[in-house]
4 protein chains.
Amino acid sequence: MSTKINIMKAATELFAIKGYEGTTLKDIANAVGIKPPSIYAFFEGKEDVLLHIYQEILDEHHKHLQDMLEQLKNGYAKNKLYGLLVTAAEYHLSEAGKMKLFRRLMLFPPEILQSEITESFQKLIAIERQAINAVFEEAIRNKEVREGKSEDMTTAFQCLMNGLFLESQYYDEQEFYLRLDIIWEEYWMGISRKD
Amino acid sequence: MSTKINIMKAATELFAIKGYEGTTLKDIANAVGIKPPSIYAFFEGKEDVLLHIYQEILDEHHKHLQDMLEQLKNGYAKNKLYGLLVTAAEYHLSEAGKMKLFRRLMLFPPEILQSEITESFQKLIAIERQAINAVFEEAIRNKEVREGKSEDMTTAFQCLMNGLFLESQYYDEQEFYLRLDIIWEEYWMGISRKD
Amino acid sequence: MSTKINIMKAATELFAIKGYEGTTLKDIANAVGIKPPSIYAFFEGKEDVLLHIYQEILDEHHKHLQDMLEQLKNGYAKNKLYGLLVTAAEYHLSEAGKMKLFRRLMLFPPEILQSEITESFQKLIAIERQAINAVFEEAIRNKEVREGKSEDMTTAFQCLMNGLFLESQYYDEQEFYLRLDIIWEEYWMGISRKD
Amino acid sequence: MSTKINIMKAATELFAIKGYEGTTLKDIANAVGIKPPSIYAFFEGKEDVLLHIYQEILDEHHKHLQDMLEQLKNGYAKNKLYGLLVTAAEYHLSEAGKMKLFRRLMLFPPEILQSEITESFQKLIAIERQAINAVFEEAIRNKEVREGKSEDMTTAFQCLMNGLFLESQYYDEQEFYLRLDIIWEEYWMGISRKD
DNA sequence: AATGAATGAGACTTCATTCAT
DNA sequence: AATGAATGAAGTCTCATTCAT
């Protein structure tokens, strides 16, 4: 029964590294220690494997998003936003394979799933955006950050997150966390209210 | 002949959208209006097409980098850095196919070229980093930006660039430029010296 | 158990419509509401299923032949021959699936069973032929039909039967019986003694 | 260039004997002396091979039908009808493979082409029926055959043809022609006008 | 320079079958 | 009696590539 899970794990890793088209069912089967036809006992085909993984990633991402939103409820904006970055970073690093695949699907979706993927990803981003925006609105009211439009701050913060999580792929864990802190410091220095 | 160029153009576009493994020589030939074997009159094979394109992208990138460095020679840091973003943005948008492939190769290189690609890309980034760093060093001296480590500022700026150019893929041209300006304003507000 | 019977029923229908090669054990299992491996509790394999069905058809055909021969014992030739056609027609229509498979196996036997099938079918035809021939011999003696060789009459009658039962596959029941009566009338008009 | 023709010839023969599902591309390729992928240089796939063959058979059948209709224009009904049988018999025997496949497709069409095949075959039969009916109408007027409905005579004659051409598959050429003549004699004896 | 014909390698997938449960 | 898991064998088809023209 764990074979299905093993297939998904192996396929996630392989799709992330070699891409959907670059990965063969043989690759996946080899990684699991079974033969290619056995995959069909659990999935309808290669596409179906990807779809299941994609669904799983989406579900987990939603759960993760809930955790992050929880994080954004109470406390100072500084802690909230930094916590957001760190939580997200930890998530990206702890689920390296899944997240690499997530980024790949987001940026370069395989033709077949293009529309489906694009749509659901945009929803995710919108939810995220709304939550972050709320933080900035409150932070402006509380004078935790300088004056400005919360919408624009959100735009800039999302850009920062995008940059960071693209970088999570280039650098090893240690270096990444170093950069994360540098970037955060630089960022907070610019956005925070100095008085 | 112009066929060779057409093949490279078509292949660039297709590799960018469908990936190297997801693109067939037939796809390329169809796009050009020839038959697959004709490609072998100009290239040694599929891999060779990618290698030529990759080389081309690299060369152009170097040229583009020269333009950018030129930009960074004289003037105020504010203009230099903003000019950098705009120049890069224009480049990314005018050569959409090439740049999409550039990002793809950078983030998800096909197995065969992995080491080669990783290496040369890191060189590019290093050059870029050095140039940007120089701008910040001077800007700190000139008190155009607040006090701080130029290295850290460079790190943050690169993160911003990465975020932006990842976003150049999500948003259409108009929206992208809007975001670019918002992000720049937010950024400059934070980094500039207020007195 | 009744499952065995259900398998044979479903397989008969499917072999008839889709052919032996065109039918999968999954098709059969689906039709029965079981899973493919369950078939192996009753049969040695796909070929064995066909063999059992084939044997069943053969046995029933022999029984049916006995009924028909019974029919040919007493009475007028006209009634005998017409009765033969009607009885056979009813049989073909009541056991549509079985008879469609019968025709298929007869005309286009799957390679594996070719020799076996050909042989046993020729026996059936020979028995049939002999019985019909006897009817004509007597009918000629009794002057129920015109003068002629009983062998030739049998040959013609068999041709008529073949034509009819090929047609039983084209036309729906109602139309088939209409044609049967027309053909019989035409036939009997030609063969009967007019005086 | 003749490879395409060879493929069609080989496939016709194999589809006739082993059925569409029972024939593999390897079987066909072997018969032609090529490898399976080469078939794709001429056809889109296995189904496409069948479709082309089917179209060819249909076209030839239409041509053959024209020949037969020509045959039915002038002369005595006896000669016309007997000529019809002989011409058809010669056709069936000279193109044994094609005609065996024709019968197979007519009686047991592979699922994919079922509707298409059924439709076009019914058209063929209707044309044939009309032509034969005309012969009987004239023959009744000319008192070449006994009184009766031409429609019914046509029905009976078609049944005879069906029977005969089903038999063309059982018996070898010599025996088939013997039976053909016997059946014809028996038939004509019954239908002709005796005075 | 271009391509029709051909193919080895290999991909995805189906299928009959086995076996432990 | 029934099936989930697994697989060897084989089928259809794609693809990069070669070669003669």
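Below, chain A is the first sequence line, B the second, and so on; all start at residue 1.
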Self-check item: Any C:Q122 side-chain heavy atom under 4.5 Å of D:Y170 side chain
Solution: no
Quiz item: Does some side-chain heavy atom of C:L101 sit less than 4.5 Å from a side-chain heavy atom of C:K98?
Solution: no
Quiz prompt | Contact nearer the 5' end of DNA chain E, comparing D:A41 with C:Y20 | solution =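 In this pair, the answer is D:A41.
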Quiz item: Which comes earlier along DNA chain E counting from the 5' end, the contact point of D:G33 or that of B:I39, where each point is its nearest nucleotide?
Solution: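 With D:G33 and B:I39 compared, the 5'-side residue is B:I39.
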What is the separation between atom [atom1] on [X] and atom [atom2] on [N], rounded to the nearest whole Å?
X     : N      : atom1 : atom2 : result
A:I34 : E:dC19 : CD1   : P     : 20 Å
A:E44 : E:dT13 : CD    : C1'   : 13 Å
D:I28 : F:dA10 : CD1   : C1'   : 15 Å
B:I5  : E:dA1  : CD1   : C1'   : 15 Å
D:E47 : F:dG11 : CD    : P     : 18 Å
A:N6  : F:dA6  : CG    : C1'   : 14 Å
D:L25 : E:dT14 : CG    : P     : 17 Å
C:F15 : E:dA16 : CZ    : P     : 9 Å

Exercise. Could you pick out which residue, D:T24 or B:T24, lies toward the 5' side of DNA chain F when each is mapped onto its nearest nucleotide?
Key: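 It is D:T24 whose nearest nucleotide is closer to the 5' end.
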Practice problem: For C:P36 and for B:P37, locate the closest nucleotide of DNA chain F by heavy-atom distance; then report the residue assigned to the nucleotide nearer the 5' terminus. | Solution: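 It is C:P36, whose closest nucleotide lies nearer the 5' terminus.
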Counting side-chain heavy atoms from CB outward, which of [options] is closest to [X]?
X     : options               : value
A:F42 : F:dA16, F:dA6, E:dT13 : F:dA6
A:K35 : F:dG11, F:dT7, F:dT3  : F:dT7
A:Y40 : E:dT7, E:dT14, F:dT17 : E:dT14
D:T3  : E:dT14, E:dC15, E:dA6 : E:dA6

Practice problem: Decide if atom CD of A:Q114 counts as having more than 12 heavy atoms of other residues, nucleotides or ligands within a radius under 6.0 Å. | Solution: yes
Quiz item: Is it the case that more than 12 heavy atoms not belonging to A:K9 sit under 6.0 Å from its NZ atom?
Solution: no
Quiz item: Using purine N1 to pyrimidine N3 plus N6-O4 or O6-N4 for Watson-Crick, or N1-O2 and O6-N3 for G-U wobble, both under 3.5 Å, which nucleotide pairs with F:dT21?
Solution: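 WC or wobble partner is E:dA2.
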Quiz item: For E:dA16, which nucleotide in any strand shown is its Watson-Crick or wobble partner with both distances under 3.5 Å?
Solution: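 Here E:dA16 is engaged in a pair, and the nucleotide opposite it is F:dT7.
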Quiz item: Between A:F121 and A:F102, is the ring centre distance below 6.0 Å?
Solution: yes
Exercise. Using a heavy-atom cut-off of under 4.0 Å over every strand shown, decide if C:S38 touches base, sugar-phosphate, or nothing.
Key: base
